[in-house]
J.: 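Quick one: the structure is below, and I'll ask about it shortly.
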Amino acid sequence: MRLPKTYEPGQYEADIYTLWEQSGAFTADPTTDKERFSVAMPPPNETGTLSLGHALFLTLQDIMARYNRLRGKDVLWLPGTDHAALAVNAIIEKKLTEEGTTKHEIGRDAFLDRTREFVSQSRGIMLGQMRAMGASCDWSRLKYTLDPTLSRAVGEVFVKMYSDGLIYRGHRIVNWDPNLETNVSDDEVEYAEETTSFYTFRFGPFEISTARPETKFADKYVVMHPDDKRYKKYKHGDTFEVEWINGPVIATVIKDKSVDPSFGTGAMTITPWHSMVDFEIAERHSLDKVQVIDFHGKLLPVAGEFAGMGIAEARPKIVEKLRAKGLLIKTDENYVHNIARNERGKGIIEPQVRLQWFIDVNKQVVEWKGEKRSLKEVLQNVIREGDIQLLPTRFEKTYFHWIDNLRDWCISRQIWWGHRIPAWHRTDTDGTLETYVGLQPPTDEREGWNEWEQDADTLDTWFSSALWTWSTLIDPTLAEDYSLSLQDLLAKSPDFQAYHPTNVLETGWDILFFWVARMILSTTYATGQVPFKTVYLHGLIRAEDGKKMSKSRPESIIDPLDVIPKYGTDALRMALIMGVTPGNDQNWGWGKVEANRNFCNKLWNIARYTEGALGDVHKPGGIPDPQSTADHWALQKLQQETKIIEGYLDTYRFSEAYEHLYHFVWDNVADWYVEASKSQESREVLGYVLENILKLAHPFAPFVTETIWQTLYSDTDGLLITSSWPKVRRSNKEKAADFEEIKAIVTEVRAVTRALGLSKPSLYYTSVPFWRKTASCCSGWPDSAA
RNA sequence: GGGUUGUUAGCUCAGCUGGCUAGAGCACCUCGUUUACACCGAGGGGGUCGGGGGUUCGAAUCCCUCACAACCCACCA
């Protein structure tokens with residue numbers, strides 16, 4: 001017997017993976033005339049190691065890839081990694097801090113070298129983990145968001161958007177993180193409730209409240225609702241002198257409807273430079289904006305004696321000074337306030353006004369379906385008209401809500417790791433600024449002007465990953481030719497022509513806005529195509545207790561590489577999809593892994609039995625004639641289940657597909673058909689059934705099925721991964737129904753035997769015709785059956 | 001403040017557009033070693049499908065309402 005008693009995954013998995021990879025089975029071929037199936041792998045951040053979440057998406061996408069490959073399609077599953085600008089930057093800065101240095105001390109070049117070293121190390125680990133999960137992706141097309149080809153695409157889109165007036169540069173209030181010294185987009189800010197002190201101060205004739213006294217130095221506008229009766233006697237534009245933190249200031253009354261009269265005293269002072277809402281009020285009334293806190297989080301000279309202090313240090317001192325001046329009216333110690341933090345690095349966000357690059361989402365200059373539309377409108381249109389389907393569909397509502405509230409996308413970052421903005425600036429002696437935007441640096445020189453200098457900022461990571469479905473399909477050699485336009489590049493790249501739009505994007509719902517929406521935005525704009533037709537959104541994997549896996553509870557985190565050696569990759573894969581529906585989170589369960597390890601063993605033992613029953617010789621592919629009712633039944637079941645599993649896989653219902661497979665293999669094949677075959681002389685159908693359950697199970701459990709295939713079948717039979725999906729074979733319905741009847745009778749007989757107290761109600765060894773005889777006469781129970 | 005989801009067996013969850021005695025895995029109980037498998041086999045117990053109301057011949061499934069839980073978005077100085 002070639003198959004050992006138990007399946008030990010660790011003995012085979014690495015070799016099987018190598019076998020697949022070297023065979024070229026993963027490699028797509030744009031020159032064939034087969035139907036295409038393409039998926040772009042969401043590129044993991046090069047920040048370290050892969051998590052269970054990665055294991056889940058690798059499993060889901062691998063199931064699609066393997067299934068469609070078996071269905072005879074030309075499959076492209078394109079792998080890659082993301083430079084993850086902000087996330088990586090945060091890690092490197094943290095390391096530098098631990099070493100007692102800073103990025104400014106070592107300089108931009110050394111910092112980037114350091115970063116490259118880190119990411120290349122991360123990448124190696126991560127690619128190894130993808131292989132360990134069995135990912136059948138096309139390694140010959142491995143991409144990285146900072147590859148020259150992808151960077152070219154980034155530059156092309158930036159320049160195109162700039163020339164269309166979609167990208168502009170302006171002073172706007174942004175979410176500034178003083179720790180990482182960069183701004184972040186609205187979506188990267190997370191809020192958490194914290195209890196802080198809430199102070200009410202006297203401001204001339206008014207009482208105003210704040211949780212942030214340190215921003216109040218330059219406050220010189222007091223704002224109230226125009227209809228607030230309490231302040232009827234003050235008119236918009238009235239000025240008055242008021243004693244304030246560092247002496248008297250002239251204040252102006254502003255009436256604005258955004259003020260809520262029911263909150264506090266209904267009057268407030270504003271700090272336009274450091275508050276989103278205040279900024280908007282100031283814009284409406286053309287008010288002055290004064291910076292109070294610098295970009296490192298320290299108070300500026302406007303704070304007088306407090307200049308140079310950090311916020312934490314200055315706040316109590318300022319309150320004390322105001323109290324001493326008799327301006328503090330009251331302090332509410334239990335004020336619950338939402339604190340904004342950068343989700344990377346958790347630095348507290350300090351709104352700041354800065355010169356940044358933005359994408360205008362409302363300008364109607366995008367050609368889509370024959371009309372000029374705004375980016376927002378295109379985003380809405382493709383979902384509304386069904387060009388792209390979200391699974392589950394309920395996320396469409398969330399998506400539309402997000403778009404309704406979407407503001408211009410701030411794409412510039414002040415970190416060093418990432419794509420440099422393709423813009424160059426120079427100034428003349430008067431300080432007049434000239435800006436050039438282009439793919440390559442400008443070379444001209446002009447008298448009286450300084451030399452061109454590239455914009456110091458980098459692009460938001462999502463700007464480059466938004467191009468992922470197609471920037472990865474551009475031919476790298478063509479991309480070196482700058483005489484070609486973006487349209488030329490796309491038209492001449494065989495991969496783009498063959499594989500775009502991709503069929504499906506499979507990713508987590510948590511990056512619906514970050515990534516999915518932005519891919520739609522950039523891809524429709526740049527290529528005129530949608531990036532994908534279907535979006536399958538999986539849920540998050542939580543710890544076994546239902547709580548989030550988090551770094552603060554290290555014991556809650558399950559590492560896929562701890563599971564694989566013990567249970568096998570197949571068991572892990574199936575555990576991750578078992579009973580899981582799109583968009584819903586799942587809890588990790590060791591029980592599920594065990595159940596699926598057992599399932600692998602069941603497959604293994606069906607194969608072992610078949611090997612023993614048939615002897616050595618087996619050649620898959622032929623369809624033998626059914627001999628017994630059991631044969632007819634097994635073939636009918638095989639046909640039915642193949643159809644069902646197909647139907648589920650075609651509609652992305654992985655869990656249901658898997659469940660049918662599981663019960664077909666275990667309940668039908670192992671428990672009934674294998675037993676029935678023991679009383680049969682011809683077992684060719686058994687061999688055929690084995691061959692086909694290996695095919696059905698292969699997308700879910702690729703390693704054990706290929707191991708069996710390689711062990712049992714000869715070299716000429718090739719690889720299971722590149723074989724073909726079961727062909728449906730018709731069987732005799734009546735004979736199959738006869739076996740159903742026999743099953744029912746046997747079950748009944750077992751029950752009766754049990755009821756009679758006979759100790760061995762086993763019927764495994766009786767022949768099928770004998771069962772029928774027994775059942776039909778039913779008068780006695782021959783000794784031989786016991 | 002707006003929105004989404006969930007509440008089904010002891011536990012974790014399936015159950016698509018309403019339809020056969022409501023399912024799975026794990027756990028539990030009984031019996032069992034047989035041409036593969038104890039990572040096993042044969043069987044069994046266990047559910048007012050969150051509460052209430054409605055539509056229907058028929059509802060876990062549709063509608064209303066209440067309760068509890070989780071999450072997302074917005075955000076008040």
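Below, chain A is the first sequence line, B the second, and so on; all start at residue 1. The structure presented is a predicted model; accordingly, all values stated were derived computationally and were not measured. Atom set for the values below is all heavy atoms of this structure, side chains included, hydrogens, waters and symmetry mates excluded.
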J.: Between B:C16 and B:G53, how far apart are the P atoms? Round to whole Å, please.
T.: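 Taking atom P in both B:G53 and B:C16, they lie 24 Å apart.
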
J.: Whole-Å distance between B:C72 C1' and A:Asn405 CG?
T.: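 In whole Å, B:C72 C1' lies 12 Å from A:Asn405 CG.
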
J.: Report yes or no: is there a donor-acceptor pair, N or O only, under 3.5 Å between the side chain of A:Glu656 and the base of B:A24?
T.: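 Result: no qualifying N/O pair found.
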
J.: Can a donor-acceptor pair under 3.5 Å be found between the side-chain atoms of A:Arg683 and the base atoms of B:U35?
T.: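 Answer yes: a donor N or O sits under 3.5 Å from an acceptor.
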
J.: For A:Thr581, answer base if it contacts any base atom (sugar-phosphate contacts may also be present), sugar-phosphate if it contacts only those atoms, and nothing otherwise; contact means non-hydrogen atoms under 4.0 Å.
T.: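 Sugar-phosphate contact only.
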
J.: Provide the distance between the two C1' atoms, one in B:U56 and one in B:C62, to the nearest whole Å.
T.: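 Comparing C1' positions in B:U56 and B:C62 gives a spacing of 10 Å.
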
J.: By nearest nucleotide on RNA chain B, pick out whichever of A:Asp585 and A:Lys397 is the more 5' one.
T.: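 The answer here is A:Lys397.
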
J.: Assess whether one donor atom and one acceptor atom, taken from the side chain of A:Asn338 and the base of B:C75, lie less than 3.5 Å apart.
T.: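 In this structure, the two groups form a donor-acceptor pair.
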
J.: Any cation-pi pair here, A:Lys5 with A:Trp604, using under 6.0 Å and within 45°?
T.: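 Judged by the rule, A:Lys5 and A:Trp604 form no cation-pi pair.
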
J.: What stems involve RNA chain B, if each pair must be Watson-Crick or G-U and both of its distances must be under 3.5 Å, with 3 or more such pairs in a row?
T.: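 Stems found: B:1-7 with B:67-73, B:10-13 with B:23-26, B:28-32 with B:40-44, B:50-54 with B:62-66.
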
J.: Nearest to the side chain of A:Tyr609, which nucleotide is it out of B:A36, B:A14, B:C37?
T.: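 Nearest to the side-chain atoms of A:Tyr609, counting from C-beta on, is B:A36.
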
J.: Provide the distance between the two P atoms, one in B:G23 and one in B:C39, to the nearest whole Å.
T.: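 B:G23 and B:C39 have their P atoms separated by 29 Å.
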
J.: Once you apply a heavy-atom cut-off of 4.0 Å, does A:Thr210 come out as touching a base, just sugar-phosphate, or nothing?
T.: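 Sugar-phosphate only.
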
J.: Please give the distance between the P atoms of B:C31 and B:A9 as a whole number of Å.
T.: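 B:C31 and B:A9 have their P atoms separated by 29 Å.
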
J.: Mapping A:Lys216 and A:Lys5 onto RNA chain B by nearest heavy atom, which one lands closer to the 5' end?
T.: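 Here A:Lys5 is the residue nearer the 5' end.
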
